[in-house]
Amino acid sequence: MHQWGKSHDTPKNIGLFTSPHLIAVRERIRINSSPISRELFAKYFFEIWDKLEAAADVLEKPVYFRYLTLLSFHVFIQEKVDVAIYEVGVGGEYDSTNIVDHPAVTGISTLGIDHTFTLGETVDKIAWHKAGILKRDVPAFTVKQVSEAMEVVEKRAEERGVKSLTVVERDKRLDEVKIRPDAPFQRGNVGLAVKLAETALQKIDPRFEPSKDALPKEFVDGLEQVVWRGRCEKKVEGDVTWYLDGAHTADSIVVAAKWFGDEVSKR
């Protein structure tokens, strides 16, 4: 999570860079939850393209994902976002998103076996890459990991001089929040997201003090109303209900199957 400029108080414009997209590439670059418009995408795409063309004798154009990463930085700077949230593409250590020396905070969600061709076939090798986003003097958070992964993350945090590495435990403030899907893994993800947001807000506005008893209404509304297309998504069309999830690892398939089973059992 990166802080831009000298923003203070509550951020008004929040950038989000994620991958992959579901329907349109513009979904990867969002401001205040909405994909940037076709017009803005085209404008900023060609501003980058033309500058690289002009320097073709000394610079090669970056490949697809790196180009989009570069484009996202350009968009967020030009559109004056206050905070930018970046999801890495593959791994972390060598990912094109991993170029900010001092982000506001970093976070590592549950590590599983994925992108093995690039990251390695064991969870400890994958953890080494994922922990590459950890930065000196920057606070970091992680959910509970299997022991092999946790050992690697802790070692890398020590090597890199991380300000603090905190394992996010159960957050009682989430007990009354309606999480979808209501599963332990998702509550872990939500707890991590809350800690990342609170840490970023404290850096932007030193007056911000997280409540120990309850989450702000803005947090609760965001968590309960969020829709992420293709992730545990339920779509009703007349008499037909579609259950959609893009699970692509062994662990996520188990989670998606349980979510589907729980939803169907309610009918």
Side-chain angles (χ1 to χ4, degrees), residues 1-7 11-109 114-121 125-138 140 156 159-160 196 200 228-230 246 248-249:
M1 187 176 293
H2 311 313
Q3 177 187 354
W4 301 83
K6 298 293 183 181
S7 175
K12 301 297 188 297
N13 293 313
I14 301 172
L16 176 65
F17 181 70
T18 60
S19 61
H21 59 273
L22 186 63
I23 298 172
V25 67
R26 295 178 295 106
E27 296 168 25
R28 297 178 180 231
I29 304 174
R30 303 176 185 236
I31 297 178
N32 295 335
S33 299
S34 298
I36 60 173
S37 67
R38 290 186 177 95
E39 292 76 14
L40 280 184
F41 184 88
K43 173 187 175 182
Y44 291 130
F45 181 97
F46 283 107
E47 284 182 0
I48 297 292
W49 184 272
D50 292 343
K51 288 186 180 298
L52 291 174
E53 279 281 288
D57 55 333
V58 293
L59 290 175
E60 292 184 12
K61 289 190 182 69
V63 296
Y64 180 76
F65 183 79
R66 291 181 179 180
Y67 193 95
L68 291 175
T69 304
L70 179 61
L71 175 61
S72 73
F73 280 111
H74 183 55
V75 169
F76 294 154
I77 291 170
Q78 295 302 312
E79 292 297 308
K80 297 180 172 56
V81 305
D82 302 313
V83 172
I85 303 165
Y86 272 78
E87 176 195 36
V88 299
V90 175
E93 176 69 24
Y94 303 120
D95 194 84
S96 58
T97 60
N98 194 31
I99 63 171
V100 178
D101 290 332
H102 203 84
V105 62
T106 61
I108 301 175
S109 57
D114 196 9
H115 300 294
T116 55
F117 180 78
T118 305
L119 307 181
E121 296 183 351
K125 291 180 179 179
I126 292 171
W128 185 91
H129 284 274
K130 298 283 188 178
I133 65 171
L134 302 178
K135 297 292 189 291
R136 179 170 297 279
D137 298 327
V138 173
R156 296 214 74 193
E159 292 171 349
R160 287 176 169 249
L196 294 175
W228 198 259
R229 302 297 304 276
H248 62 287
T249 67

Evaluation steps, side-chain contact (heavy atoms from CB on, under 4.5 Å), between Ile48 and Glu53: CA-CA 9 Å; Ile48 297 292; Glu53 279 281 288; over 6 Å; no
Could you grab the distance from atom CD1 of Ile29 to atom CG of Leu71, nearest 0.5 Å is fine? 4.0 Å
Quick check against the 3.5 Å criterion: does Lys130 have a side-chain atom that pairs as donor or acceptor with the backbone of Trp128? no
Is the Phe65 ring parallel, tilted or perpendicular to the Phe17 ring (thresholds 30°, 60°)? tilted
Any chance the side chains of Tyr67 and Ser96 put a donor and an acceptor closer than 3.5 Å? no
Check Gly89 against Ser19 and note the closest heavy-atom contact, atom names and distance. CA-OG, 3.9 Å
Lys61 atom NZ, neighbour heavy-atom count above 12 within 6.0 Å: yes
Given side chains that start at C-beta, do those of Val81 and Ile31 come closer than 4.5 Å, heavy atoms only? yes
Can you name the nearest heavy-atom pair linking Pro11 to Val83, along with the distance? CB-CG2, 4.1 Å
Tell me, which pairs form a salt bridge (charged side-chain N to carboxylate O under 4.0 Å, His left out) where one or both residues lie in residues 24-41, sequence neighbours left out? none
For the residue pair Glu79 and Leu40, establish whether any side-chain heavy-atom pair is separated by less than 4.5 Å. yes
Working for side-chain contact (heavy atoms from CB on, under 4.5 Å), residues Tyr64 and Thr69: CA-CA 9 Å; Tyr64 180 76; Thr69 304; over 6 Å; no
Salt-bridge criterion met for Arg156 and Glu93 (N-O under 4.0 Å): yes
When rounded to the nearest 0.5 angstrom, what is the spacing between NZ in Lys135 and CZ in Arg160? 6.0 Å
Nearest 0.5 Å, what's the CD1-OG1 distance between Ile99 and Thr97? 8.5 Å
More than 12 foreign heavy atoms under 6.0 Å from CG of Asp50: is that the case here? yes
Could you check whether Tyr86 and Phe73 have their ring centres less than 6.0 Å apart? yes
Spacing of OG1 belonging to Thr106 relative to CD1 belonging to Ile133, to within rounding of 0.5 Å: 5.0 Å
Quick one: does Ile36's side chain get under 4.5 Å of Val75's, heavy atoms only? yes
Would the distance check show the side chain of Asp95 and the main-chain N or O of Val88 forming a donor-acceptor pair, the cut-off being under 3.5 Å? no
What's the shortest heavy-atom distance between Asn98 and Gly132, and which atoms? ND2-O, 3.0 Å
Lys12 and Lys80, any side-chain heavy atoms less than 4.5 Å apart: no
Go through the structure and list residues passing side chain to side chain donor-acceptor pair (under 3.5 Å) with Asn32, not counting sequence neighbours. Asn13
Is there a side-chain contact between Thr18 and Ile85 (heavy atoms, below 4.5 Å)? no
Spatial distance of atom CG (Leu70) from atom CG (Leu52) [nearest 0.5 Å]: 6.5 Å
